[in-house]
Each structure stands twice: as C-alpha cells, then as structure tokens.
There are 2 protein chains.
Amino acid sequence: MSRSPSSRREDIRAAALELFARSGYEATTMADIGAAVGMRGPSLYKHFASKQELLAEIMTGTMTDLVALHRGAVATTTDPAERLRRAAEAHVRYHARHRLEAFVGNREIRSLVQPHRERVLALRAEYEAGFRDLVKAGITAGRFHVASPRLASYAILDLGMGVSAWFRDDGESTEDGVVWQYGEFALRIAGADGIAGY
Amino acid sequence: MSRSPSSRREDIRAAALELFARSGYEATTMADIGAAVGMRGPSLYKHFASKQELLAEIMTGTMTDLVALHRGAVATTTDPAERLRRAAEAHVRYHARHRLEAFVGNREIRSLVQPHRERVLALRAEYEAGFRDLVKAGITAGRFHVASPRLASYAILDLGMGVSAWFRDDGESTEDGVVWQYGEFALRIAGADGIAGY
DNA sequence: GTCTTTGGCTAATGGTCATTAGCCAAGGAG
DNA sequence: CTCCTTGGCTAATGACCATTAGCCAAAGAC
C-alpha cells in the first residue's frame, strides 16, 4: 500500500535525521537516505528540493521547537528559581526526548548554508538570551548567587546539549530522572537559595 | 628559507586542525589544507600518509593530553573537593587554551575510522571514569551531596566541552575567570559542602 | 475509456576528491 | 664534482556525489 505524500516526506525526513546524527551531514549521501526509505537516491527529489533543504528543515524545526517550549515553560510563574528550573527541565527533556534532532541541531551548523544558517543562528541567539535573562533576573531578585550570569547561562545550556550526546532511556537513567537532576544542577550552578545538595 | 621537516609537519597539522574545526573533517579537502600551508594538496602526502592520519593524530593527541593533565591535577592532594576542583579546572583550561583541539576532538569522532577510533574512545572512557570516580569518592567521604554521581560527572564533563565551542579570551571572559568559575560550577553540581553561592 | 498527474526508475551531467605515479630542482653527503 | 635524497610539482587514476532529464506504470479525475 503506498504511503501518502506527506507521510512519505516524513519518513524521508526521519531517515535523514537518523543518518545525519550517526554519520554527519557531509558523510551521508542521498543514496543512503533513499536506501533507508526503500527508494533510489534521485527519487528523493520528488519530495525535497535538495539535500540542504532536508538539513534546513530539521535544524530550523528543532530550534523553533526549543524556543517555543522555553516560552511555554516560563510563562506561568514569576518566581525566578521556578522559572529557571522549568526552563532547564524543558531544555533537558527536549534533548532527551528528541536527542537526534538536538544532536544534529548542535553538530551540523557548519554544513548549513545561507539563508537557513543565519535563521537558525538567530533563533539560537534568542534562546540563549532567554537563559541569560532568567539568571540575571534571579540575581537581581537576590535569589541567585553567581559571579557571572553569562557563564552560568552557557553552562546550563551546555548541560542539555550533552544529554543529546549520551542519553539513552535504558533504565540506568530515565528521562524523568535526568530532567529532575539536571533541573537541580541548573539551580546549583545559578547558586539559587536553598539549593545546596542536602 | 625552507622549514625543517618536523616544523613543516607541525604547520600542516595546525592548518588541518583549524580547517577541521571551522568546516568539519568531511568538508575540508587536502587542497584546502595544502593551500593553507602554501603547497598543493598532493604534496601533503610527503609528510602525512593520509587525510585520516591527520585527524587521528589530532584526536589521539588531544585525548592523551587530557588524560595526562587529569592525572597530574589530582595527583598531589587527597581532599575530594580539591581533587574535583583541580580536575574540573584542568578540563576547562584545556578546552579554553586548546579550543580547536578540544572542538575537533569532540565533534569529529564520527569521521575517525578504526583502529584510531576505538583508541580515542578508550581514552575518552578512561577520562570519563576518572571524573565519575572523583564524584563517587566525594560522596563516600560525605563531602558531596548529589543523587546521581553518573549524571553529575557527565554534567561536569559537558561544561568543559561547551567552553571549546564559545570561549574567546576577549576580555569579557578571561581564561582564568572561566576556569575559576567552572571549577566552582563543578563543585556546585557535586553538591560539595560549603559551596552554595555565597 | 481516456487523459492527466504522481512518483519511482535509470542514465546522464558536471563536477569533486583522496591518493598515486613520475618528474625534477635544490640541497646535502662524500 | 658526482651521486643521492628530499620535497614540491602536475597529470592521472579510480571512485564518488548532488542533481537533472526523460521514461513509464499506476492511480485518480472526469
């Protein structure tokens, strides 16, 4: 039974994502992607304009989702510590749950060409500014204690990115366990009141 | 004036490193590397056996240096917090000071072929185990308070890796400032006694 | 039943790339 | 001075790759 065009396109996108994560964009060929969905490489061009369009769609989608999740996470509270915890948890949960998207989103920016690249970089800058603003607001409120809000926000962001590289929901770590623990780490990094390990 | 063979080889290695960091191993050509050192691509083969050898040398060297620096950092004290701080500081300083090596070392493992790849992965596993052991030792001594030593050690490692991606010694952050702050973050993540932001 | 559209095929296009082969100028050794 | 080695050159080898062109079977529309 043939697949609908939009589900076929989604299959191709999923196959490309898996191969880009495993081998890298440059080392993945259209023939590889085609083989993964049961067609020849040149047939992909009936569904996608180019190999670059595949990468652009994956990376833009990832960054758009992260920004939206961040906004949603911090929207319903004004407490600085709660906002940071929720933002960090959303960040880590996304990296655990969509680890291939997060991994490719982090790793393949060098292969993304204009204008997609600057669009993704702009979204990334917005996202990073969101974390920095959260840390600064906490310091201003007297709730966080850290010498450098800039370094703290970078550190918190990097924690999530690391998760996409190693996390497997294999029992040793559950998604919820990692999300909770990393939310805690974010508050520790920020030096939030009442967070000190016990 | 011609350069000595070993300094020529070092120039090629440095050029390759810079290009691998900027564009990625796969997207960098031998012609690119040759142009950077003032010769044609095929001439590189008088100094290196292959493009892969260049990558392997960079990545193995980086991992070997990190393991050695770690050993040195923890060798002269037995206090758990001091050991973790020193290990984290060595880790971050390396990533700040050798950010291209660290960046390529983190990002290009997918392009490294056997047997180099398993050698680098083994060194990486040893290095990661070193951090995990430090965190566990601190918990055993009652000095650290963290639910998951495994997650804490991953988090600490990821902090340094992030540094290689964004750090510039540009005044806004100095190497010493970042090293100190990140050493502090490592202790906070581990929930070290006496570290709570103020 | 006929015409149109869709989507997968193969062959081809235009180009790229790692690496080897062989040449030769320059420098060093004896 | 002669011979050998080194290191950079160009041309070539063998293979690969993104993408396009054109064909055609199958399915859908009327």
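Side chains are part of it too, since the values below use all heavy atoms of this structure and drop only hydrogens, waters and symmetry mates. Here is how names work: the chains are called A, B, and so on, in the same order as the sequence lines, proteins then strands, and each is numbered from 1.
Side-chain N/O atoms of B/Lys51 include one lying less than 4.0 angstrom from OP1 or OP2 on C/dA18. A/His47 has a side-chain polar atom (N or O) that falls below the 4.0 Å cut-off from OP1 or OP2 of C/dG8. Contact between the side-chain N/O atoms of B/Ser43 and the OP1/OP2 oxygens of D/dC9 is found at a separation under 4.0 Å. Within the structure, a side-chain polar atom (N or O) of B/Arg8 is placed less than 4.0 Å from OP1 or OP2 of D/dG8. Listed pair A/Arg40 / C/dT10 meets the phosphate criterion, a side-chain N or O lying under 4.0 Å from OP1 or OP2.
Atom pair B/Met30:CE and C/dA18:P shows a separation of 7 Å (rounding to whole Å applied). Regarding B/Glu26, its CD atom lies at a distance of 10 Å from the P atom of D/dC17, rounded to whole Å. Between B/Tyr45 atom OH and D/dG8 atom C1' the separation is 15 Å, expressed in whole Å. In this entry the distance linking CZ of B/Arg9 with P of D/dG8 reads 13 Å, nearest Å. Note: CD1 (B/Ile12) to P (D/dG7) measures 10 Å, nearest angstrom. B/Tyr25 places its OH atom 13 Å from the P atom of C/dC17, with the value rounded to the nearest Å. Between the NZ atom of B/Lys46 and the P atom of C/dC24 there is a distance of 14 Å, rounded to whole Å. Taking atom CG on A/Leu44 and atom C1' on C/dG8, their separation rounds to 10 Å, with Å as the unit.
A salt bridge links B/Glu82 and B/Arg86; the closest N-O separation between the charged side-chain nitrogens and carboxylate oxygens is under 4.0 Å. Salt bridge A/Glu108/B/Arg110: present, at least one basic N to carboxylate O contact under 4.0 Å. In this structure, B/Arg9 pairs ionically with B/Glu53, as a charged nitrogen and a carboxylate oxygen lie closer than 4.0 Å.
With hydrophobic clusters built from ILVMFWY side chains whose heavy atoms lie under 4.5 angstrom apart, B/Met161 does not share a cluster with B/Trp166.
Heavy-atom distances to DNA chain D give each of A/Thr29 and A/Ala49 a nearest nucleotide, and the one nearer the 5′ end belongs to A/Thr29.
For A/Pro42, taking side-chain heavy atoms from C-beta onward, the closest of the listed nucleotides D/dA11, D/dT19, D/dG8 is D/dT19.
Side-chain atoms of A/Arg8 do not come within 3.5 Å of backbone N or O of A/His47 as any donor-acceptor pair.
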